[in-house]
Structures are given as C-alpha cells and as structure tokens.
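Inspection log for the structure reproduced underneath, given as structure tokens.
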There are 2 protein chains.
Amino acid sequence: MNAVPPTAAHTIRALSALAQEHRLAAFRLLVQAGPDGLPAGELATRLGLPASSLSFHLAQLANAGLVEARRQSRSIIYTAALPAMNALLGYLTENCCGGLPCDVAAACCEPEEARGAA
Amino acid sequence: MNAVPPTAAHTIRALSALAQEHRLAAFRLLVQAGPDGLPAGELATRLGLPASSLSFHLAQLANAGLVEARRQSRSIIYTAALPAMNALLGYLTENCCGGLPCDVAAACCEPEEARGAA
DNA sequence: TCGATATTTCCATATTTATCGAATCGTCGG
DNA sequence: CCGACGATTCGATAAATATGGAAATATCGA
C-alpha cells in the first residue's frame, strides 16, 4: 500500500504537515510514545487544544502519511509512521546531495557523533 | 554568527520555508548550482515566476537561514546554506529518534544503499 | 548625469490555513 | 435501548500566506 516513491507534491504535504507548532509537537509526542501510540484525547490534553482543533491537525498528519490511526474501543490511537518520516528525510538528503558528496550527507551518516554525544 | 542550536520555532520556520512548491523548487535549483549559486533573475526565469513573487519566496528562505545572498554587480546571487539544511535534518532525526535506536536513524545511516543506487 | 538593468519593497487582492463551538457518529456499560 | 464517552465532521470566522503589478533602490556603462 505504501512504499511509494515520494514525489515533490507528497514531500510538500509532509513538510507542510510538520511546519506547524501544534502538529510538530503532536508528532514528537507520538514518536516518543513509540509503537503504543497515544489516543487523540490524551494528545489534546497534553497539547492543551480543543478536540476539534486537534482532530484537524491529526488529519493533516495522517494525510501526509506521517501518522497512522487505529481504533481501540472508544479511543482512536495514533502512532507515528516512522517509515514515512524516513522517506521524507531520504528525499531531503537525496535532493540536497543529488549524488554529490556534500556535507549534508556526510553529517547525516556519522553514527559515532550523532549517537555518541547522547 | 550562526551555529545556533535549532529551536522548535526555528525548525518550523525552516519547514514552512521548504513547504511550498516554488520555494522547494528554488532551493533545489540552488543546491544543484552549488557554491556558485544563481542570480535571482535566473531563478525567476527557470521557475517561470514574476520577479516580485520570487523575491518574496527568496526572502522566506533567507529568513529561515536556508539560503544566503550576496551582491555581484547588478545581480544578487543566492546560494543554498547547506549547514542550515544539515541542522534541520539533524533536528528532525534527533527528535524522531530521541536517542532511541529507531529505524529512521538506521535508514538514514546506510551509505551503501543511499549512495550505491545512484 | 542619464538610461538601462537587476532586484526588492509596497500594496491590494485572492487563496489557503487555523480555530473552535455545535452537531454527528461509533462504541461501550448497564 | 439508553445515556455517556471519545472522537470526527461541519460551518462560520479569523489569521496568515501567496500573487503580481507598480514604484523605489542600487549598480553599471556611456
């Protein structure tokens, strides 16, 4: 169903989805929550947003393929779609480096520094 | 002057800057152009945009720190600010992985696949 | 200094995006 | 079946963004 090569249009949708205070915050919470995810209501509480506003934002993230929703009883649980995030980063680095050995690619591929510092 | 740790607000500015058809296209052209960059007029021609519109978009990219401008005679030459792009990607992966060994980090750090395919 | 060129700034307008209450839909417990 | 709960959809309004012509700014060549 997925694994579609990210087009420019798709990339813009993903960037737009992330380029908003509440959505970026929501996405980060979901990433931290891991595979278990979080119910919409919990996100609304933590972000201090009315349910309808949050629902609007979650729809954007879902439309961009950055989050996935599953119903669990009355709640709807959202999880971050890491592969989609992965694809976005891949597209950005690809288009940034375009096969050339630029420092963006280099910096992105240095596990020692990136991991060791933490 | 730069090398500021990217805040969430700064990240949103960068994402917003990139999350627009013409700006993403302009940025990609600048990346391809490399350190020599391209004059504003050339970008306007290639993108088929009126000068004033392009100027507006370039201002956004510059404000986000993603491009730099230098005057050369009558033209103003724009270049992609790779370090800023680098920082953006770093922020996204950091916040995506948060120190955890998630597959985004893994996928991002596989030079063989990413480079070999091209 | 004058005219031509390259770009930006200004301004009005059009389009898109965000916000949130109210109404609606699906699910559960009794 | 009914009331409550969790969430989305709808709709109206507010705010932010994009667009492009006209005017202003800066630089160059003669």
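- Look at CZ on R70(B): it is 14 Å from P on dT8(C), rounded to the nearest Å.
- Counting to the nearest Å, the C1' atom of dT17(C) and the CZ atom of R23(A) are 8 Å from each other.
- In this entry the distance linking CD1 of I77(B) with C1' of dA6(C) reads 10 Å, nearest Å.
- Of the possible donor and acceptor atoms, one in the side chain of R23(B) sits under 3.5 Å from a partner among the backbone N and O of A17(B).
- Side-chain N/O atoms of Y78(B) include none lying less than 4.0 angstrom from OP1 or OP2 on dA6(C).
- Side-chain atoms of S75(A) lie closest to dA7(D) of the nucleotides dT27(C), dA18(C), dA7(D).
- Judged by distance alone, the side chain of R71(B) and the main-chain N or O of S73(B) form a donor-acceptor pair under 3.5 Å.
- Taken residue by residue, residues 48-60 of chain B places heavy atoms nearer than 4.0 Å to DNA chain C at A51(B), S52(B), S55(B).
- Of the side-chain N and O atoms in Q20(A), one or more sit less than 4.0 angstrom from OP1 or OP2 of dT19(C).
- Using a 4.5 Å heavy-atom threshold, the side chains of M85(A) and F27(A) count as touching.
- Note: CD (Q72(A)) to C1' (dC5(D)) measures 15 Å, nearest angstrom.
- Formation of a donor-acceptor pair under 3.5 Å by the T93(A) side chain with backbone atoms of L89(A) is found in this model.
- Computed from C1' positions of five pairs at each end, the angle between the two local axes of the helix from dT1(C)-dA30(D) to dG30(C)-dC1(D) equals 30°, rounded to 10 degrees.
- Both I76(A) and L66(A) are assigned to one and the same hydrophobic cluster, defined by single-linkage of ILVMFWY side chains at heavy-atom distances under 4.5 Å.
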Q: Evaluate the side-chain contact (heavy atoms from CB on, under 4.5 Å) criterion for residues T79(A) and R70(A): first the C-alpha distance (whole Å), next the side-chain angles of each, then the deciding distance (0.1 Å), finally the verdict.
A: CA-CA 8 Å; T79(A) 51; R70(A) 67 175 195 273; 3.5 Å; yes
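- Proximity of R71(B) to the phosphate of dA6(C): no side-chain N or O atom is located under 4.0 Å from OP1 or OP2.
- Nearer the 5' end of DNA chain D, as judged by each residue's closest nucleotide, is the contact made by A40(A), out of A40(A) and A19(B).
- Listed nucleotides dT5(C), dA7(D), dC28(C) differ in distance to R74(B); the shortest reach to its side chain belongs to dT5(C).
- Rounded to an integer number of Å, the gap from E42(B) CD to dT5(C) P is 17 Å.
- Across every non-hydrogen atom of V31(A) and A80(A), the tightest pair is CG2-CB, 3.8 Å.
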Q) Passes side-chain contact (heavy atoms from CB on, under 4.5 Å), T7(A) versus I12(A)? Steps please. A) CA-CA 9 Å; T7(A) 64; I12(A) 288 176; over 6 Å; no
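- Atom CD1 in I76(B) sits about 19 Å away from atom P in dA24(D), given to the nearest Å.
- Considering all non-hydrogen atoms of both residues, A81(B) and G65(B) come closest at CB-O, 3.3 Å.
- Between H22(A) atom NE2 and dC20(C) atom C1' the separation is 12 Å, expressed in whole Å.
- When the C1' atom of dA18(C) is taken as reference, atom CD1 of I12(B) falls 14 Å away, rounded to whole Å.
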